[in-house]
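Accompanying notes for the structure given below.
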Amino acid sequence: MTIKNFINGKFENPIHNHWIDNYCPANGEIYGKIPNASKEDVEKAYEAAEAAFPSWSETTLDERSRILIKISELLESNLQRFAEAESKDNGKPTSVAKTVDIPRAASNFRFFGNAITQFASESHESVGQQAMNYTLRQPIGVVGCISPWNLPLYLFTWKIAPAIAAGNCVVAKPSEVTPMTAYLLGEICNEAGLPKGVLNIVHGLGTTAGQAIIEHPNIKAISFTGGTATGAHIARIASPMFKKLSLELGGKNPNIIFDDCDYDEMLKTTVRSSFANQGQICLCGSRIFVEASIYEKFKIDFIAKVKQLKVGHPSDETTDIGALVSKQHLEKVLGYIEIAKHENGKVLCGGHQVTVEGFENGYYLQPAVIEVTTDECRVSQEEIFGPVVTIMPFNSEDEVIDMANKVKYGLSATLWTNNLKRSMKMSNKLKVGIVWVNTWMLRDLRTPFGGVKASGVGREGGFEALRFFTEAKNVCIKY
Ligand code: TXE
């Protein structure tokens with residue numbers, strides 16, 4: 001299967017004919033090739049976007065909305081095909097792609113298709129000065145969207161949908177590790193009648209295609225989700241050019257469990273918040289802190305449940321945990337299991353490679369629970385981004401808040417307690433962008449999404465995203 005760049009509504013080979021292999025994580029085989037787009041390809045994509053901008057930015061909100069909702073409907077009617085493609089490319093269970101990734105990609109288009117019709121700007125009367133101010137929210141022009149491999153189409157469209165809804169034209173790059181559904185999206189955009197050049201998709205390595213996007217002098221805003229080191233690199237390149245930046249980076253999120261919680265609900269959700277998508281979600285609660293009074297009970301029950309998780313081929317409907325995304329990533333995660341052992345962490349279960357019959361070269365790992373004696377060890381501080389969690393007990397609210405905040409990241413936190421005062425007090429004190437109380441990853445697309453500290457800058461979601469993808473211009477009229 002050969003993937004092509006999508007430029008000006010057409011599928012094109014890379015100008016320099018450079019290609020990269022595309023691997024299937026479930027069996028370790030190469031099953032296709034993707035362009036490694038160069039600066040020249042990105043320039044071509046930029047020119048198409050620039051040419052499309054005057055007309056797209058003047059297209060009525062009704063018409064933009066209609067097209068976005070049409071894209072959403074086409075994704076829904078192609079659910080099975082997209083889910084299978086996502087699963088083959090990424091290693092995630094097809095059931096997850098079918099119930100989470102692709103439906104959410106469709107929701108992203110529907111949500112922003114509707115949101116743009118409700119987006120408003122402010123006016124301020126300068127009382128006593130006989131002047132009226134009104135604020136225009138104008139599209140920026142050509143913007144860049146760069147996304148990672150863990151939730152490929154879900155995160156790709158989470159950027160593209162608000163960007164085009166707001167009237168911008170886009171040069172986008174999905175992760176080179178999982179390019180397939182972004183490629184398929186091009187067809188759907190044409191079918192939905194998105195004018196050519198509004199969305200251009202280039203494929204390739206971060207260091208070539210990605211770098212060309214962030215360095216482009218006329219791509220005025222970059223929305224990026226990915227690793228913290230890459231985010232820092234992008235900021236170093238883009239900031240001196242005064243580009244607008246939205247950076248959604250890594251996480252190492254605390255899951256704090258008090259003894260007054262609804263135990264069964266907590267246990268079930270904690271298995272999910274630990275290992276959903278093979279633990280490859282920036283929101284996973286990978287640092288579990290349990291109140292000492294229920295620690296031993298939790299340990300026994302949690303391990304029993306984790307041991308029941310079935311690691312298997314992504315297309316097998318009984319599979320809970322599919323393959324990790326790549327060989328390099330599997331090796332990184334295995335490296336952390338070794339680090340844990342050197343740091344006196346106790347691997348209570350999992351942490352070893354699994355051979356799935358018939359798919360012996362796939363990247364499978366048994367989910368791991370590591371008991372640690374200090375929250376300051378590397379496995380409890382660094383983002384592993386795989387099916388690995390640490391657990392340890394705590395004795396007081398102050399102690400656990402301190403441990404929860406003593407990490408360089410600040411994306412999300414989960415709290416399990418039925419004490420209202422405590423949940424509100426702790427939610428105030430946690431240094432994160434998102435707190436879930438008695439639930440996890442319950443998303444309302446209107447809410448601000450993003451992190452603090454090394455988890456990034458800016459917020460996505462709802463009107464926050466539309467504000468990011470527009471420039472405010474104040475007009476002051478003296479009367
Ligand atoms: O991400 P990268 P990687 C974390 C996770 C993971 C680590 C590294 O811990 O192990 O990051 O993953 C593009 N200019 N997260 O290496 O490299 C790249 O091509 C422009 C957390 O896969 O950050 C891809 O499209 N673009 C995260 C995107 O950046 C560049 C999800 C992300 O890749 C670039 C994924 C450059 N110089 C990993 N270099 C989350 N927050 O959810 C790379 N890219």
Side-chain angles (χ1 to χ4, degrees), residues 20 22-23 25 34-39 42 89-92 101 144-156 158-160 171-179 181-182 201-216 219 222-238 241 243 245-253 276-284 286 324-336 363 378-379 381-388 408-412 433-434 441 449-451 453-458 460:
I20 321 171
N22 192 17
Y23 285 82
I34 75 164
N36 188 14
S38 61
K39 213 171 167 168
V42 169
D89 217 22
N90 171 279
K92 68 178 68 209
D101 293 75
C145 298
I146 300 176
S147 61
W149 45 257
N150 58 330
L151 299 164
L153 194 66
Y154 174 135
L155 290 175
F156 193 61
W158 181 232
K159 300 179 178 305
I160 288 167
V171 177
K173 191 191 87 63
S175 169
E176 62 276 26
V177 187
T178 53
T181 47
I201 303 170
V202 294
H203 295 273
L205 298 175
T207 46
T208 51
Q211 188 71 21
I213 294 174
I214 61 170
E215 281 179 348
H216 197 290
I219 295 181
I222 305 285
S223 173
F224 168 81
T225 299
T228 293
T230 313
H233 171 78
I234 291 175
R236 275 194 297 273
I237 303 285
M241 299 165 88
K243 291 177 195 274
L245 276 183
S246 170
L247 304 173
E248 297 297 335
L249 311 176
K252 186 75 181 178
N253 311 303
N277 206 43
Q278 296 70 246
Q280 302 167 145
I281 305 181
C282 52
L283 303 165
C284 278
S286 52
L324 297 202
V325 74
S326 67
K327 188 156 188 280
Q328 296 86 315
H329 192 56
L330 173 69
E331 281 162 6
K332 171 186 158 179
V333 177
L334 284 168
Y336 272 104
Y363 317 133
R378 283 185 64 192
V379 279
Q381 288 285 327
E382 296 176 18
E383 185 180 44
I384 301 176
F385 216 65
V388 181
K408 75 172 184 174
Y409 298 101
L411 188 53
S412 70
I434 303 150
M441 219 175 148
F449 179 91
K453 303 197 279 182
S455 293
V457 287
E460 299 185 318

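Atoms within each ligand, like the ligands themselves, are counted from 1 in listed order. Values below: every heavy atom of this structure, side chains too, minus hydrogens, waters and symmetry copies.
- For ligand 1, the atoms sitting less than 4.0 Å from at least one non-hydrogen atom of C282 are 40 (C), 41 (N), 42 (O), numbered in the order shown with element in parentheses.
- When heavy-atom distances to ligand 1 are checked against a 4.0 Å cut-off, Q280 has no atom that comes that close, whether in backbone or side chain.
- Looking only at heavy atoms of the protein, atom 30 (C) of ligand 1 is closest to G206 CA, 3.4 Å.
- For P174, the heavy-atom gap to ligand 1 drops under 4.0 angstrom.
- Looking at A229 against ligand 1, nothing comes within 4.0 Å, counting heavy atoms.
- Distances shorter than 4.0 angstrom occur between a heavy atom of H329 and an atom of ligand 1.
- Of the options Q211, E383, K252, the smallest heavy-atom separation from atom 37 (N) of ligand 1 is shown by Q211.
- Inclusion of L205 in the set of residues having an N or O under 3.5 Å from an N or O of ligand 1 is not warranted.
- The distance criterion of under 3.5 Å between nitrogen or oxygen atoms is not met by T225 with respect to ligand 1.
- At a distance under 4.0 Å, no protein heavy atom can be found next to atom 8 (C) of ligand 1.
- Ligand-side atoms of ligand 1 in range of I214: 14 (N), range being under 4.0 angstrom from any heavy atom.
- Counting only N and O atoms by type, the side chains of D89 and N22 include a donor and acceptor under 3.5 Å apart.
- Closest heavy-atom approach to atom 22 (O) of ligand 1 among the candidates Y409, F224, W149, F385: W149.
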